[in-house]
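Accompanying notes for the structure given below.
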Amino acid sequence: PRRRPGQRSMTGVPFDAHRTVRVAVIGLGNRGGGMVLGWAAVPGCTVTAVCDIRGDRARRAADRLESRGEPRPAAYSGSPDAYARMLERDDIDLVYVATPWEFHHEQGRAALRSGRHAMVELPVATGLRELWDLVDTSERTRRHLMLAENCSYGRNELALLRMAHAGLLGDITNGHGGYLHDLRALLFSDTYYTDAWRRLWHTRSTASLYPMHGLAPIAAAMDINRGDRLTTLTATASAPKGLADYRERFVPRDHPSWNETYINGDRVTCMIETAHGRLIRAEHDVSSPRPYSRINTLAGSRGIVEDYAGPGPTGARIYVEPDHGGHTWRDFDSYRKEFDHWLWLEVGDDAAGHGGHGGMDYVLQWRTVQLMRAGLVPDIDVYDSAAWCAAVPLSAASLARRGRPVEVPDFTRGAWRKPRPGLDSPESG
Ligand code: A2G
């Protein structure tokens with residue numbers, strides 16, 4: 001059931017009817033155009049302004065909100081700096097950035113500098129200097145910048161986090177996760193990624209371009225930036241074959257992509273070590289034929305959970321001592337029930353109604369609004385965002401040095417040793 005303003009949540013965080021979170025959205029393509037409806041659906045949240053360089057998109061987003069009975073947001077468009085004009089408004093609390101990767105740093109930074117909190121799609125920035133700049137700017141402006149990592153709010157991922165914290169897996173020693181998604185058809189589509197922006201990254205970078213969906217939940221379960229931290233990264237890559245092969249078979253010879261050379265390896269693997277001797281393998285492959293997987297696995301001295309591996313309803317399997325033995329996997333279902341995160345119990349039904357990646361998108365948006373209304377720190381803060389996205393430039397650096405380990409910066413400047421609120425905070429963070 002929908003919560004009404006002023007009502008108390010089951011989990012005790014007060015919902016303040018007087019603090020509506022006013023969201024402005026930059027970028028109304030596939031992602032932004034969908035998320036804008038989610039923001040408007042969250043109780044206590046309203047979309048006051050939308051922006052896209054293309055006027056038709058801005059108008060369409062405003063129309064869609066209006067036709068759903070929401071107040072019509074102001075629409076900005078027409079030039080690359082239209083977003084800056086939008087930021088001059090005085091009715092914005094949170095800026096959500098869903099433009100192509102190359103604009104994230106500039107727009108996230110501008111949002112912070114305008115005095116707003118910012119939620120930025122993956123990756124928040126693609127270079128180390130830009131990541132540090134976001135950390136510095138967030139500290140200087142005292143505004144939060146958070147990665148919009150919906151997978152951190154996945155139902156299995158959150159159950160896994162709670163299991164890890166409950167000690168079920170013993171001492172966590174290793175895990176892996178990734179983004180394995182056959183994007184070939186979308187990358188060569190003329191409409192899906194505006195101006196083919198995502199395909200072009202494969203012509204200019206040799207890097208793990210987008211491992212965060214798998215890396216972030218594993219890092220959270222290992223208390224990265226809350227007692228442990230990422231220390232070194234080593235990257236390795238296969239040859240680039242998939243995109244050229246796809247083009248050869250399916251793309252007409254007069255298509256602009258025939259002028260391009262794809263240089264990024266199909267499979268890029270990062271091995272990341274932590275201060276406490278844990279090991280994370282983060283994978284990226286968007287150019288090969290395969291069913292979707294984030295291959296989440298978390299393992300410790302007492303057991304292991306593997307997602308995307310089981311036939312049961314959760315898709316995950318488990319093996320933990322003393323419950324199991326005989327080298328035989330068991331279904332994860334009963335453990336998922338036992339460790340189900342309160343967020344899914346609280347808003348899972350609403351999330352199902354609002355679609356988006358099995359409900360993760362809505363849970364991310366709902367939780368963000370909840371924490372903002374309560375005046376609390378986001379679950380995923382600028383330090384987490386920078387640490388996870390650092391895999392992009394660090395993998396490029398390691399690959400350029402033929403796989404030599406590179407240091408992961410400590411964006412927390414030493415604060416990682418202390419516990420901080422995070423994704424499995426009991427209720428209010
Ligand atoms: O494919 C999926 O929706 C991805 N999200 C998203 O990040 C993006 O890459 C998209 C294609 O544009 C998840 O896999 C959760």
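For ligands, and for the atoms within them, numbers begin at 1 and follow the listed sequence. Values below: all heavy atoms of this structure, side chains included; hydrogens, waters and symmetry mates excluded.
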Check your understanding: Per the salt bridge (charged side-chain N to carboxylate O under 4.0 Å, His left out) rule, which among R267, R294, R290 passes with D285?
Key -> R267
Study note, to complete from the structure: ligand 1 to R198, heavy atom cutoff 4.0 Å, flagged ligand atoms 8 (C), 9 (O), 11 (C), 12 (O)
Practice item. Measure the distance from atom 3 (O) of ligand 1 to every protein heavy atom, then report the residue, atom name and distance (to 0.1 Å) of the closest one. Key: H357 NE2, 2.6 Å
Check your understanding: Taking only heavy atoms of Y193, which atoms of ligand 1 are found under 4.0 Å from at least one of them?
Key -> 11 (C), 12 (O)
Practice item. Hey, can you tell me if Y292 and H181 have their rings parallel, tilted or perpendicular (30° and 60° cut-offs)? Key: perpendicular
Check your understanding: Side chains of Y246 and E248: donor-acceptor distance under 3.5 Å anywhere?
Key -> no
Review point. Nearest to atom 10 (C) of ligand 1, what protein heavy atom do you find, and at what distance?
Key: Y179 OH, 3.7 Å
Exercise for review: Check each atom of ligand 1 against the heavy atoms of Y292 and keep those under 4.0 Å away; list them by number with element.
Suggested key: 13 (C), 14 (O), 15 (C)
Exercise for review: Could you tell me how the ring of H213 sits relative to the ring of Y179: parallel (under 30°), tilted (30 to 60°) or perpendicular (over 60°)?
Suggested key: perpendicular
Point to revise | Ligand-side contact atoms (ligand 1) for residue partner H181, heavy atom cut-off under 4.0 Å | key: 1 (O), 2 (C)
Exercise for review: Calculate, to the nearest 0.5 Å, the distance between atoms OG1 and CD1 belonging to T231 and I272 respectively.
Suggested key: 9.5 Å
Point to revise | Under 3.5 Å: N/O of H213 near N/O of ligand 1 | key: yes
Review point. For ligand 1, which atoms, with element, lie under 4.0 Å from some heavy atom of C151?
Key: 15 (C)
Exercise for review: Check step by step if ring pair (Phe, Tyr, Trp, His ring centres under 6.0 Å) holds for W101 and Y210.
Suggested key: CA-CA 10 Å; W101 303 340; Y210 200 78; 5.4 Å; yes
